[in-house]
Amino acid sequence: MKFITVDTYEELSKIASEIIGEQVKAKPECVLGLATGSSPLGTYKNLVTACEAGELDFSGVTSVNLDEYVGLDGTNDQSYRYFMNTNLFTKINISLDKTHVPNGCADDLKAECARYDELIESLGGIDLQLLGIGLDGHIGFNEPDEVFIKETHQVSLDPSTIEANARFFASKDDVPTSAVTMGIGAIMQAKKVLLIANGAGKKEIMQKAFYGPITPLVPASVLQLHPDLTVIYAEK
Ligand code: F6R
């Protein structure tokens, strides 16, 4: 594991966008696993700037996102599809039909989960997976559990996750209570994993996840077993 500690969110975003940029340059047809939330916003901003400057070309890239809320379709401004389109996809030269987010409105969510795993497999897996981390140690929406769940699955969101994500909604009651998330299997099979986190509030969970025991009660701790993991933490 490469654990990089930096002082500021700007430094974190600079290093993260450089790592993703290097991946795209090294393999223009790569598969990027992407995350939503507040942590990657600076990284995405830098990627947009680099693309606008002609330094990065996303025309060959395929993306697979980690998760989506159940019941929100892509036109809902709280959905993760909407987040990705707004903050990244429509601002870079990626072709939208090569961007994938689980469909949280599928009639048959079990079938949707199976389809998502088949899709990732058909793409040959993920070259670089970007992750944030929840205050409870979740990655994607793999919440603390008795076991690590390998496959894409539907999950009930932990009360602490609903609480944390309420900041993006009009009220806590508007936060969906379940989501579809990529499982630990596809994340661990990604060739490279890049996890970013910032703020003093994440310090304790970062310690637990990367220097504590490996346990499904702290889902991110499984990443200690990944052969090519970079973690960037900005204290501010
Ligand atoms: C989002 C996701 C989540 C977030 C995590 C941290 O797609 O998969 O695991 O990365 O909840 O969120 P922020 O970055 O908002 O602190």
Side-chain angles (χ1 to χ4, degrees), residues 9-10 12-13 16-17 20 32-45 63-70 72 74 76 78-89 99-104 113 116 120 126 128-145 148-149 152-169 172 175-188 190 193-206 208-210 216 218-223 229-236:
Y9 179 66
E10 286 67 34
L12 174 158
S13 303
S17 56
I20 296 171
L32 295 180
L34 298 175
T36 59
S38 53
S39 307
L41 282 172
T43 304
Y44 292 160
K45 214 167 157 214
S63 70
V64 283
N65 259 79
L66 284 165
D67 40 22
E68 180 60 281
Y69 288 117
V70 168
L72 302 192
N76 186 309
Q78 299 298 343
S79 72
Y80 284 170
R81 161 55 78 180
Y82 190 94
F83 175 102
M84 291 308 299
N85 284 358
T86 312
N87 291 299
L88 189 66
F89 298 152
T99 67
H100 304 281
V101 180
N103 177 7
C113 292
Y116 209 65
I120 295 169
I126 297 164
L128 171 63
Q129 176 66 55
L130 177 65
L131 296 172
I133 183 171
L135 289 172
D136 62 358
H138 69 226
I139 46 176
F141 274 137
N142 291 277
E143 296 282 28
D145 204 336
F148 291 112
I149 302 179
T152 297
H153 58 284
Q154 185 176 354
V155 61
S156 297
L157 297 179
D158 197 271
S160 71
T161 301
I162 293 176
E163 187 85 40
N165 288 5
R167 68 192 195 275
F168 300 115
F169 291 80
K172 199 171 114 181
V175 185
T177 53
S178 81
V180 169
T181 183
M182 192 189 283
I184 294 295
I187 294 172
M188 286 301 282
V193 173
L194 170 60
L195 184 140
I196 55 176
N198 66 291
K202 293 253 171 99
K203 194 166 186 161
E204 194 183 329
I205 192 63
M206 292 296 280
K208 278 193 190 158
F210 298 107
V218 182
S221 65
V222 74
L223 297 171
L229 168 67
T230 302
V231 178
I232 314 175
Y233 177 55
E235 298 221 24
K236 286 173 203 149

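Indexing begins at 1, ligand by ligand and atom by atom, following the structure's order. In this chain, numbering begins with 1 at the start of the sequence shown.
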Is the closest side-chain heavy-atom distance between [X] and [Y] below 4.5 Å?
| X | Y | answer |
| --- | --- | --- |
| P219 | P144 | yes |
| K208 | S221 | no |
| T177 | L157 | no |

[atom]: the protein heavy-atom neighbour that sits closest, reported with distance to 0.1 Å:
| atom | answer |
| --- | --- |
| atom 10 (O) of ligand 1 | G132 CA, 3.3 Å |
| atom 2 (C) of ligand 1 | D67 OD2, 3.3 Å |
| atom 16 (O) of ligand 1 | K202 NZ, 2.7 Å |
| atom 11 (O) of ligand 1 | H138 NE2, 2.7 Å |

Short N or O distance, [X] and ligand 1, threshold 3.5 Å exclusive:
| X | result |
| --- | --- |
| I139 | no |
| T36 | yes |
| S39 | yes |

Starting at CG of L66, measure out to OG1 of T36 and round the result to the nearest 0.5 Å.
->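 Reported to 0.5 Å precision, the distance equals 7.5 Å.
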Gap separating the CD atom of Q129 from the CG atom of L194, nearest 0.5 angstrom =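 Here the interatomic distance stands at 9.5 Å.
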Location of contacts on M84 toward ligand 1, heavy atoms closer than 4.0 Å | neither
Short version for I133: what comes under 4.0 Å of ligand 1, heavy atoms counted, is backbone
Going by the atom numbers of ligand 1, which of them fall below 4.0 Å from some non-hydrogen atom of L66?
->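 Contacts of ligand 1 toward L66, numbered from 1: 8 (O).
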Going by the order shown, which atoms of ligand 1 are within less than 4.0 Å of some heavy atom of G140?
->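 By the 4.0 Å cutoff, the relevant atoms are 2 (C), 3 (C), 8 (O), 9 (O).
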Salt bridge (charged side-chain N to carboxylate O under 4.0 Å, His left out) partners of E163, counting only residues at least two apart | K172
Heavy-atom nearest pair, L229 first then L223, reads CD2-O, 3.3 Å
is_close_aromatic(F169, Y69), centroid dist under 6.0 Å |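 Centroid separation for F169 and Y69: below 6.0 Å.
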